[in-house]
Protein chains: 2
Amino acid sequence: MSKSQPKFRRTAPAVRREALVDATLRCLKKYGHDGVSIRKISAEAGVSIGLINHHFPSKSGLIAETYESLARSLRESASEQSSGKNATSRERLSGFFQASFAPTLADPELFNVWIVFWSMVRHSEEIRAVHDRTYDDYRGVLESLLSELARCGDAPKFKLRQAAIGLSALMDGLWVELSLSPATVKPADAIALCEDWVSALCAGSFARLLK
Amino acid sequence: MSKSQPKFRRTAPAVRREALVDATLRCLKKYGHDGVSIRKISAEAGVSIGLINHHFPSKSGLIAETYESLARSLRESASEQSSGKNATSRERLSGFFQASFAPTLADPELFNVWIVFWSMVRHSEEIRAVHDRTYDDYRGVLESLLSELARCGDAPKFKLRQAAIGLSALMDGLWVELSLSPATVKPADAIALCEDWVSALCAGSFARLLK
DNA sequence: GTTGCTATTGTACGATCGCTCAATTACCCT
DNA sequence: AGGGTAATTGAGCGATCGTACAATAGCAAC
């Protein structure tokens, strides 16, 4: 009966915070909205109930940080597939679509996590701030990809921001349908619809987007 | 001190159930996910805690019926604006867009209600059944509107189902963005993007949708 | 006026919730 | 080796949750 094992291990706050954020993400995937629970998250992380409030001011603070972390992770995953050096702007967009609707990102579990964040935007100031930043960044990525189209002469001049709003809406909507109705909508359908949308943009078929 | 007022009034089950469904909808609008509470709903309806479980087998049964009721209501609202007798198929689609993004339907409160339903699709069999039925109906309305386009010769032959999936995704996504980022996306933008999408469809610019 | 049916009430129960805080103890530093 | 720091624990608080169930009472039928 020697004291071979310490009861717990002290960890640098930054590391612990990240571990708690990871556990939160796993909980949201597993339980959906019911996963937003200090008790479930601490159990998932293998720590005591009290530790979370030592590292985070409140539950919503932890959720907000998880939102921020996941958004960054997804943005990086999708972006790295659209950053080929020797690719045309159109090919980069295709890569972005492929990555966005690959099983890793178009995952029903991830959708459920996102739903939890969306449901908190209206009532939590912290979450809304993260959402606004996240959505700006996302639209910015799309604007950047679309602006290359116009610059390379592949498309007529169009209203960049409105186009990005439209494309992000199309992608978001397809992502929702993929997650909620996987039997009806397939990833290949989603990609085809996005490709067609870009083709129509290049063809100048979106009259109200031209300038 | 005469017993002028009865303590409560007995009501036909069908009427009471409808009143409870209405109260549930008001609660979801007010409190979002926190509104999914027997106590809050019964307070909103002005009845006792126990009455709900007398008329509904469980909480999720009540939510499912509220989902069904709201979906029907929204579908009817949007459809009646697209049923002009002396309208072209294109005009009917425009009416559908106008109605769908009017303040009454593109309401952040309604979005929050919808989010609650979406968040329950994965873990509740009852809710999933309602979702599947609802989404089929919605896509059916769009397919019907789009099929007129082709029939009237306003558009080349295209894959009806895929087109409906694409248009419903675009509309859903725009509806999400309108609700979550009302400062960035305006109803007029949403309508314009939908109109452009239909125009591109009529122009045959969606190569992957043609057949 | 009386009876019967049942819609309705409201208490009770056990579970879970977020958060607090004093006690504990792992680990770095000298 | 031993002391100081602070990461960690876990019991406890008050609140809320969904559901069960026995008691109550509105209302229609006779």
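Any value given below was found using the heavy atoms of this structure, including those in side chains, with hydrogens, waters and symmetry copies removed.
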Next item on the list: Mind calculating the distance between CZ (R39(B)) and P (dA20(D)) to the nearest angstrom?
Entry: 13 Å
Check: Where is the tightest heavy-atom contact between S100(A) and A78(A), given as atom of each residue plus distance?
Finding: OG-CB, 4.0 Å
Margin query: What is the distance, to the nearest angstrom, from the CD1 atom on I41(B) to the C1' atom on dT19(D)?
Written below: 14 Å
Next item on the list: Classify the nucleic acid contact of V36(B) as base, sugar-phosphate or nothing, counting any heavy atom under 4.0 Å across all strands shown.
Entry: sugar-phosphate
Next item on the list: Whole angstrom is fine here: how far is it from CE in M120(B) over to P in dG18(D)?
Entry: 11 Å
Checklist line | Any donor-acceptor N/O pair, N112(A) side chain to K29(A) backbone, under 3.5 Å | finding: no
Check: Out of curiosity, S181(B) OG to E177(B) CD, how far, rounded to the nearest 0.5 Å?
Finding: 6.5 Å
Item checked: Test of ring centre spacing under 6.0 Å for Y67(B) and W114(B) -> yes
Atom pairs, N/O to N/O, protein against nucleotides 25-28 of chain C, distance under 3.5 Å?
from, atom 1, to, atom 2, distance (Å)
dT25(C), OP1, K7(A), NZ, 3.1
dA26(C), OP1, K7(A), N, 3.3
dA26(C), N3, R10(A), NE, 3.4
dA26(C), N3, R10(A), NH1, 2.7

Notebook entry, point to check: Hey, do the aromatic rings of F206(A) and W197(A) have their centres closer than 6.0 Å?
Noted result: yes
Check: Between H33(B) (NE2) and dT16(D) (P), how many Å, whole number?
Finding: 19 Å
Check: Roughly, in whole Å, what's the span from CG in D34(A) to P in dA15(C)?
Finding: 17 Å
Item checked: Sidechain N-carboxylate O distance under 4.0 Å for E148(B), R90(B) -> no
Note to self: Please report the distance, rounded to the nearest Å, between OH in Y31(B) and C1' in dC17(D).
What the structure shows: 15 Å
Margin query: Aromatic contact between F101(B) and W175(B), with the criterion being ring centroids under 6.0 Å apart: yes or no?
Written below: no
Margin query: Can you measure I49(B) atom CD1 to dA12(C) atom P for me and round it to whole angstrom units?
Written below: 12 Å
Next item on the list: Would you jot down, in residue-number order, the residues of residues 51-61 of chain A having a non-hydrogen atom under 4.0 Å from DNA chain C?
Entry: N53(A), S58(A), K59(A)
Margin query: Strictly below 4.0 Å: does S37(B) bring a side-chain N or O up to OP1 or OP2 of dC17(D)?
Written below: yes
Next item on the list: Determine: side-chain N/O of R16(A) to OP1/OP2 of dT8(D), distance under 4.0 Å, yes or no.
Entry: yes
Notebook entry, point to check: Does R10(B) count as lying over the ring of F8(B), i.e. NZ or CZ under 6.0 Å from the six-ring centre, within 45 degrees of the axis?
Noted result: no
Checklist line | cation_pi(K40(B), Y31(B)) dist<6.0 Å, angle<=45 | finding: yes
Checklist line | Euclidean distance, atom CG of residue L20(A) to atom C1' of dT8(D) [Å, nearest integer] | finding: 12 Å
